Amino acid sequence: MAFPERLLSQTTRTMGVSFIREMLKATKGVEGMISLAGGLPSPDSFPKAQLAGLFKEVIEVEGADVLQYGASEGDDILKRQILLHEGETAVDLDEVLITDGATNGIYFFSRAVIDPGDIVVCEAPSFNGSLVAIEACGAELAGAPMDEEGLIVERVRDVIRAKRAEGRTVKYIYIIPEFQNPSGRTMSLARRRDLIRTAREAEVLILEDQPYRDLRFYGERLPCLWDLARSEFGDNHTVTICKSFSKILGPGLRLGYAAGPAPLIAAMAKWAQKVIVSPEGVVQRAVARFLERGYMEPHIARITGIYRSKRDAIIVALKEMMPSGVRWTEPEGGLFIWVTCPKPIDTDALFSEAAKAGVAFIPGAKFYPPGMERRDEMRLNFSYASEADLREGVARLARLLERS
Ligand SMILES: Cc1ncc(COP(=O)(O)O)c(C=O)c1O
């Protein structure tokens with residue numbers, strides 16, 4: 001007997017699903033399929049031996065502590081190590097919340113500030129997994145377009161003005177400034193400053209999502225918005241940052257953190273108490289020891305080497321094989337390339353043809369807030385497939401695009 005849908009809450013019934021997770025299910029394990037679809041890190045990037053040693057040691061030596069219930073805010077030992085690693089001495093421990101990955105931080109942040117119907121301004125396109133988590137908290141998304149320099153701040157101001165004219169409350173701006181998912185773009189320094197100025201003037205918050213920041217292969221590291229707000233604007237309440245160990249150590253660890261104003265972190269911790277009780281004790285301590293022993297820097301150098309080489313391989317393949325008129329971003333870091341096809345190619349329709357041809361990508365429309373979808377774009381991931389498969393995957397796609 002089918003489970004009666006009416007017994008589910010209204011919120012659950014109308015909640016969006018993560019298209020990416022659904023699409024990954026459809027393409028996973030299919031014989032011969034080359035997936036450029038997911039955002040999976042390379043299994044070669046996981047520091048398995050070091051983590052295995054640390055997990056064993058932490059349980060044996062510190063088991064009485066780490067196998068016990070812990071603080072909802074997270075382990076102070078890990079928080080201290082994170083702040084040391086980030087070179088942050090001016091941040092108090094109560095300005096940091098340990099989370100089960102970045103998604104969990106984005107969810108608690110949204111829970112803490114969103115009333116039903118509030119507006120969250122996001123980049124168009126943006127990461128679908130975060131957008132559905134934000135919407136699940138009752139927010140409505142309003143997208144502002146991007147160009148090569150990232151989010152167009154002028155257009156953010158237009159969106160805020162327009163929503164306020166409709167009598168709506170704009171609560172925060174959700175932004176992925178570095179090697180953005182899906183576009184691979186990085187927001188320029190001038191735009192970062194302009195966005196902070198805009199948020200301060202409009203009295204809205206910024207949620208800065210930074211899972212890829214440490215995966216830079218080329219170019220100069222830019223200050224994050226969280227740093228800029230504090231150092232240049234003397235403002236320690238406008239920006240909250242979410243970071244994640246998913247793309248550095250492994251998403252299976254489910255570990256990340258948020259840093260922001262203490263009262264907001266406390267509000268997020270109130271949600272943590274109810275939803276997760278506390279982050280995983282063993283994982284937190286193992287990662288704290290990983291940082292403390294100085295394993296992180298050489299590890300990041302090793303994995304950025306792996307990803308730089310994969311990024312170069314896919315870009316060479318795109319240059320050699322894509323038909324004329326197809327354009328793509330050349331990111332300085334992260335895991336994704338954004339491809340724009342000459343119209344009238346519809347990448348939603350192309351997805352099933354590509355699956356038959358043994359290559360998967362994510363159609364661009366899946367990354368737009370409702371009503372702003374474009375169908376001529378696609379996201380390619382270069383972190384998971386081998387370099388030979390990246391080349392073959394691009395060749396399969398190029399053949400399809402030539403025929404379309
Ligand atoms: C921009 C962005 N935010 C958040 C996440 C989720 O990360 P986590 O595994 O830390 O929840 C991802 C993962 O792909 C991402 O690309």
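Both ligands and their constituent atoms are indexed starting at 1 by order of listing. A quick note: this is a predicted structure, and the numbers were derived from the prediction, not measured.
Aromatic rings of Tyr172 and Phe109 (six-membered ring for Trp) have centroids within the 6.0 Å cut-off, being under it.
Atom CZ of Arg155 has 12 or fewer heavy atoms from other residues, nucleotides or ligands within 6.0 Å.
Contacts between Asn181 and ligand 1 below 4.0 angstrom, taking non-hydrogen atoms only, involve the side chain exclusively. At a 4.0 Å heavy-atom cut-off, ligand 1 does not touch Pro251 at all. The proximity of Gln180 to ligand 1, defined as any non-hydrogen pair under 4.0 Å, does not occur for either the backbone or the side chain. For Phe245, no heavy-atom contact with ligand 1 is shorter than 4.0 Å. When heavy-atom distances to ligand 1 are checked against a 4.0 Å cut-off, Cys242 has no atom that comes that close, whether in backbone or side chain.
Look at Ser244 and you'll find a heavy atom under 4.0 Å from some atom of ligand 1. Contact analysis leaves Gly256 out of contact with ligand 1, as no non-hydrogen atom separation drops below 4.0 angstrom.
Residue Ala102 has at least one N or O atom closer than 3.5 Å to an N or O atom of ligand 1.
Applying the side chain to side chain donor-acceptor pair (under 3.5 Å) criterion to Arg285, with sequence neighbours excluded, gives Glu62, Asp65, Asp75. The ring-ring contact (aromatic ring centres under 6.0 Å, His included) search around Tyr212 returns Phe336, not counting sequence neighbours.
Atoms of ligand 1 found under 4.0 Å from any heavy atom of Gly101 (numbered from 1 in listed order, with element): 10 (O), 11 (O). Within ligand 1, the atoms closer than 4.0 Å to a non-hydrogen atom of Ser246 are 8 (P), 9 (O), 10 (O), numbered from 1 in the order shown.
For the pairing with Arg213, the side-chain hydrogen bond (donor to acceptor under 3.5 Å, both in side chains) check across Glu208, Glu86, Glu178 returns one residue only, Glu178.
The protein heavy-atom contact nearest to atom 16 (O) of ligand 1 is Tyr212 OH, 2.4 Å.
Counting only N and O atoms by type, the side chains of Ser130 and Tyr174 include a donor and acceptor under 3.5 Å apart. No side-chain donor-acceptor contact under 3.5 Å links Ser45 and Ser42.
Arg111 forms a cation-pi arrangement with Trp271, by the criterion of a distance under 6.0 Å to the ring centre and an angle within 45° of the ring axis.
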